[in-house]
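Chain naming here is simple, since letters A, B, ... match the order of the sequence lines and numbering starts at 1 in each.
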Amino acid sequence: MEIYEELKARGLIAQVTDEEEIRELVNNGKAVFYIGFDPTADSLHVGHFMALCLMKRLQMAGNRPIALIGGGTGMIGDPSGRTDMRQMMTPEMIQHNCDCFKKQMERFIEFGEGKAMMLNNAEWLLNLNYVELLREVGGCFSVNNMLRAECYKQRMEKGLSFLEFNYMIMQSYDFYHMFQTVGCNMQFGGDDQWSNMLGGTELIRKKLGKDAYAMTITLLLNSEGKKMGKTASGAVWLDPAKTSPFDFYQYWRNTGDADVLKCIRMLTFLPLEDIDAMDQWEGSQLNRAKEILAYELTKLVHGEAEAEKAQETAKRLFTGAGEAEHMPATVLADAQFDGGKIGILNLLTACGLCASNGEARRLVQQGGVTVNDKKPEVSDVFARDDFSGDGIVIKKGKKIFHRAQI
RNA sequence: GGGGGAAUUCCAGAGCGGUCAAAUGGGGCAGACUGUAAAUCUGUUGUCUACGACUUCGAUGGUUCGAAUCCAUCUUCCCCCA
């Protein structure tokens with residue numbers, strides 16, 4: 001199966017500007033395509049991961065990827081999919097985030113001569129002259145059209161600043177610039193980027209009279225229509241310091257029934273035939289599929305060793321027999337003991353399992369905590385000696401395990 | 001530039017000068033049921049040295065025995081006119 005067909009079969013393609021042309025380019029390894037990453041945080045997250053996978057797939061098929069880091073566009077902030085204005089970031093923050101992105105991307109994509117390229121649009125955007133830019137490309141943008149674009153439409157209700165309104169122009173300019181300088185002929189991006197991307201192809205057509213192409217990747221939504229890769233406490237990060245490999249594994253392990261196959265198809269590199277076979281699975285059999293999904297993704301992001309470890313830990317924790325050495329742990333400091341003792345409430349907050357003593361109190365009262373297989377009372381106190389050896393295993397709810405040691 | 005309106009806890013959104021740590025919904029957390037799923041039901045959801053105390057209602061001052069509620073100034077946002 002050729003790459004374009006495979007992408008389609010995996011459900012990755014959302015919209016394309018010209019299917020025939022794109023198929024042609026991609027299948028013959030003639031595409032030089034870019035995906036933009038805005039440096040809004042100091043780590044990539046699951047949403048970016050999809051884009052990285054896509055780059056990898058296309059690179060394996062002989063195409064040339066460009067990872068464009070938005071050091072320049074980050075100064076403006078993308079209004080797409082946002083109901084409020086983004087917080088302005090300082091140039092230092094942006095630079096720091098760019099550096100972090102770069103490190104993480106290198107794990108997935110091969111960069112170097114004749115391979116993938118990494119560019120930063122700060123290089124050309126920051127030196128633009130306002131009047132020159134207006135004269136050069138301003139005439140190619142119809143405000144009427146821009147206002148009709150989905151991403152701005154929503155914001156017409158809540159208000160949209162001129163700053164953000166210019167985001168589309170900057171992104172279009174990127175494409176236009178790279179089309180000329182590095183021969184970039186295609187842009188990929190999340191489906192929410194569609195209108196911004198079209199801005200670029202339009203600009204190239206108007207200015208240069210040439211065709212460039214755009215294709216969007218299906219947004220990874222769960223069956224409730226919410227973006228995946230988000231938890232209550234924020235995004236699921238690729239940086240192991242921000243989301244541990246175990247938590248990463250668990251996130252996917254807990255995918256809903258309705259979403260597992262879709263995720264496997266879109267995110268893993270398993271052969272399509274194998275995935276089609278899984279399609280027949282039903283009910284509790286799907287648990288196996290969830291394990292595969294979690295394992296495969298953890299392996300891609302954190303490496304095989306970490307994936308094994310996470311899977312081992314999870315299996316041991318959930319199939320009874322408790323002792324697990326890979327459990328997240330907190331080492332308690334002497335200062336946290338009062339007269340050689342620590343109360344259950346303080347213990348829970350010290351381990352970061354509860355945000356406050358009040359929360360800890362409620363949790364204990366409601367029976368949501370287990371310490372060494374026993375339900376504690378609010379008044380329970382632990383002596384320093386109780387933590388010797390492997391420490392104490394605390395279970396919060398059904399799925400959160402933690403070890404406290406000295 | 002002129003006129004009008006809004007700001008409340010994680011979000012949305014009630015809130016009469018005392019009975020407001022603040023209705024209701026969503027979300028979160030936990031319990032029951034399960035398959036580490038979904039749906040459903042129950043409890044809970046500011047902090048603490050916890051039948052009590054303390055700090056919150058955009059910011060700062062003021063009126064009052066008493067302010068989320070009244071007044072003044074400021075900040076931000078929205079709407080209408082130009």
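- At least one side-chain heavy atom of A:H48 sits less than 4.5 Å from a side-chain heavy atom of A:F101.
- For the pair A:M228 CE and B:A38 P, the interatomic distance rounds to 11 Å; values are reported in whole Å.
- Contact of the A:W281 side chain with the A:L261 side chain is not registered, since no non-hydrogen atoms from C-beta on lie closer than 4.5 Å.
- Counting to the nearest Å, the C1' atom of B:C29 and the CD1 atom of A:I400 are 9 Å from each other.
- Listed candidates were B:U36, B:G31, B:G35. Nearest to the side chain of A:R253 is B:U36.
- Between A:H302 and A:F248, the ring planes lie perpendicular to each other; the angle is over 60°, past the 30° to 60° tilted range.
- The partner of B:A67 is absent, by the rule that a Watson-Crick or G-U pair needs both atom distances under 3.5 Å.
- Taking atom C1' on both nucleotides, B:U69 is separated from B:A37 by 47 Å, rounded to a whole Å.
- A 3.5 Å limit on both hydrogen-bonding distances identifies B:G5 as the Watson-Crick or G-U partner of B:C77.
- Of the candidate nucleotides B:U36, B:U45, B:G35, B:U45 has the atom lying nearest to any side-chain atom of A:R362.
- As rounded to the nearest Å, B:C77 and B:U44 have C1' atoms that lie 34 Å from one another.
- Between A:E106 and A:K102 there is no salt bridge, since no side-chain nitrogen of the basic residue lies less than 4.0 Å from a carboxylate oxygen of the acidic one.
- In this structure, A:L345 and A:V369 both approach RNA chain B, and ranking their closest nucleotides by distance from the 5' end singles out A:V369.
- Considering only side-chain N and O atoms, A:S356 lies under 4.0 angstrom from the phosphate OP1 or OP2 of B:C48.
- Closest to the side chain of A:L363, out of B:A30, B:A37, B:U36, is B:A30.
- Nucleotide B:U36 holds its P atom 14 Å from the CZ atom of A:F246, rounded to whole Å.
- Rounding to whole angstrom units, CG of residue A:L348 and P of B:C29 are separated by 16 Å.
- Counting heavy-atom neighbours within 6.0 Å of A:N144 CG, excluding the residue itself, gives a total above 12.
- The base-pairing partner of B:U34, taking Watson-Crick or G-U wobble contacts with both distances under 3.5 Å, does not exist among the strands shown.
- Taking the C1' atoms as reference points, B:G26 lies 39 Å from B:U63, given to the whole Å.
- A distance of 6.0 Å or more separates the ring centres of A:F179 and A:Y34.
- Checked against B:G35, B:U44, B:A30, the side chain of A:K396 finds its nearest nucleotide in B:A30.
- Between A:N357 and B:A50, a side-chain N or O to OP1/OP2 separation shorter than 4.0 Å is absent.
- Both A:R361 and A:G367 lie near RNA chain B, and the one whose nearest nucleotide falls closer to the 5' end is A:G367.
- B:G13 and B:G18 have their C1' atoms separated by 24 Å, given to the nearest Å.
- Residue A:Q250 is classed as a base contact, given a heavy-atom separation below 4.0 Å to a base.
- On a pure distance criterion of 3.5 Å, a polar donor-acceptor pair joins the side chain of A:Q366 and the base of B:G43.
- For A:K398, taking side-chain heavy atoms from C-beta onward, the closest of the listed nucleotides B:G31, B:U36, B:G35 is B:G31.
- A:K8 is not listed as a side-chain neighbour of A:E5, based on a closest heavy-atom distance of 4.5 Å or more.
- When the P atom is compared between B:C48 and B:G43, the two are found 24 Å apart, to the nearest whole Å.
- Pairing for B:U19 is absent, with no Watson-Crick or G-U wobble pair whose two atom distances lie under 3.5 Å.
- Between A:L286 atom CG and B:A38 atom P the separation is 13 Å, expressed in whole Å.
- For the OP1/OP2 pair of B:A37 and a distance below 4.0 Å, the side-chain nitrogens and oxygens of A:T255 include no atom meeting the criterion.
- Ring geometry for A:F162 versus A:F165: interplanar angle of 30 to 60°, hence tilted.
- Ranking B:U34, B:G35, B:A37 by closeness to the A:N287 side chain, first place goes to B:G35.
- Straight-line distance between the P atoms of B:C74 and B:G1: roughly 15 Å, to the nearest whole Å.
- The separation of B:G15 from B:G58, taken at their P atoms, amounts to 15 Å, rounded to a whole angstrom.
- Whole-Å rounding puts the A:L261 CG to B:A37 C1' distance at 13 Å.
- Under 4.0 angstrom from either OP1 or OP2 of B:A37 there lies at least one side-chain N or O belonging to A:K399.
- In this structure, A:D259 places its CG atom 20 Å from P of B:G35, rounding to the nearest Å.
- With a 3.5 Å ceiling on both atom-pair distances, the Watson-Crick or G-U wobble partner of B:A12 is B:U24.
- In this structure, A:K395 atom NZ and B:G31 atom C1' are separated by 13 Å, rounded to whole Å.
- Across the P atoms, B:U9 and B:A14 are found 13 Å apart, a figure rounded to whole Å.
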